[in-house]
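Letters A, B, ... are given to chains in the order of the sequence lines, protein chains preceding strands, and every chain is numbered from 1.
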Amino acid sequence: MKYFTQNTSNSFADLVYEKTSLIPRGRVVTYGQIAKAIGRPGASRAVGNALNCNPYAPVVPCHRVVKTDGKIGGFVSGSKVKAGLLRRDGVKVRDGKIVDFEKKIFHFN
DNA sequence: CATATGACACTAT
DNA sequence: AATAGTGCCATAT
């Protein structure tokens, strides 16, 4: 069952979608980076929850948000699908982990 | 207000 | 390097 109200404007979730949509093709960002970027360092877990709702499906490239250890993390449609999308973006995934992870990370300013 | 949940992160083993 | 335990945060009930 999914919860997370997607109607709450200007809320934590909205900030997450906003930042996530800025990730360029072929790059990835960690949940923690998103959290820090929206002024809530440590809320990495909450970021994942917000993305899980994924209201703006294809609009927000939520598949470009991964874990700090190089693993791609979870996905609504399954990690396998997520890996496929990343590969399509030019980010190779092998055994659930990103190849050349450090090089693919996109840093917010 | 208290408890539970989860697409995480960090530390110790 | 891989696993397990603990801490964190925003929502839901």
Side-chain angles (χ1 to χ4, degrees):
Chain A
M1 185 69 125
K2 298 177 185 177
Y3 25 96
F4 237 95
T5 315
Q6 65 178 65
N7 239 358
T8 52
S9 251
N10 223 352
S11 176
F12 177 82
D14 280 335
L15 295 174
V16 174
Y17 306 143
E18 208 174 304
K19 287 298 175 186
T20 304
S21 61
L22 297 179
I23 309 174
R25 179 175 172 284
R27 296 282 148 142
V28 296
V29 171
T30 68
Y31 295 91
Q33 283 187 316
I34 298 274
K36 186 178 179 183
I38 63 180
R40 277 164 182 76
S44 54
R45 211 167 184 178
V47 169
N49 282 340
L51 288 179
N52 182 17
C53 184
N54 193 7
Y56 310 96
V59 187
V60 177
C62 42
H63 63 278
R64 293 174 191 158
V65 185
V66 300
K67 301 185 51 165
T68 56
D69 60 2
K71 293 185 181 179
I72 67 175
F75 199 65
V76 161
S77 313
S79 300
K80 201 168 183 178
V81 176
K82 184 170 182 175
L85 291 172
L86 285 171
R87 175 173 281 277
R88 189 195 62 174
D89 278 359
V91 179
K92 295 181 182 178
V93 179
R94 184 169 169 164
D95 293 321
K97 297 166 205 159
I98 296 175
V99 180
D100 292 327
F101 179 55
E102 297 295 327
K103 298 179 184 176
K104 309 285 185 185
I105 294 187
F106 172 73
H107 300 273
F108 287 115
N109 292 320

Expressed in angstrom and rounded to an integer, what is the separation of [X] atom [atom1] from [N] atom [atom2]?
| X | N | atom1 | atom2 | value |
| --- | --- | --- | --- | --- |
| A:Asp69 | C:dA4 | CG | C1' | 14 Å |
| A:Leu51 | C:dA10 | CG | P | 15 Å |
| A:Ile72 | B:dC8 | CD1 | P | 11 Å |
| A:Asn49 | C:dC8 | CG | P | 17 Å |
| A:Tyr31 | C:dG7 | OH | P | 23 Å |
| A:Asn52 | B:dG6 | CG | P | 10 Å |
| A:Ile38 | C:dC9 | CD1 | P | 13 Å |
| A:Asp95 | C:dA2 | CG | C1' | 14 Å |

Side-chain N or O of A:Ser11 closer than 4.0 Å to phosphate OP1/OP2 of C:dT11: yes
Distance test, side-chain N/O of A:Thr68 to OP1/OP2 of B:dC10, below 4.0 Å: yes
Closest to side chain of [X], choosing from [options]:
| X | options | value |
| --- | --- | --- |
| A:Lys97 | B:dA9, C:dA2, B:dA7 | C:dA2 |
| A:Lys67 | B:dA7, C:dA10, B:dA9 | B:dA9 |
| A:Ala46 | B:dG6, B:dA9, B:dA7 | B:dG6 |
| A:Phe12 | B:dG6, C:dT11, B:dC8 | C:dT11 |

Side-chain donor/acceptor contact of A:Arg45 with base of C:dC8 under 3.5 Å: yes
Sugar-phosphate only, base, or nothing, as touched by A:Lys71 at under 4.0 Å among non-hydrogen atoms: nothing
Under the 3.5 Å Watson-Crick or G-U criterion, the dot-bracket string of DNA chain B, with | for inter-strand pairs: .|||||.||||||
Closest heavy-atom contact between [X] and [Y]?
| X | Y | answer |
| --- | --- | --- |
| A:His63 | A:Val66 | O-CG1, 4.4 Å |
| A:Leu51 | A:Cys62 | CD2-CB, 4.0 Å |
| A:Leu22 | A:Phe108 | CB-CE2, 4.3 Å |

Separation of A:Ile98 CD1 from A:Lys92 NZ (nearest 0.5 Å): 13.5 Å
Do any N or O atoms from the side chain of [X] and from the backbone of [Y] form a donor-acceptor pair under 3.5 angstrom?
| X | Y | value |
| --- | --- | --- |
| A:Arg64 | A:Ile23 | yes |
| A:Ser77 | A:Lys82 | no |
| A:Asp89 | A:Val91 | no |

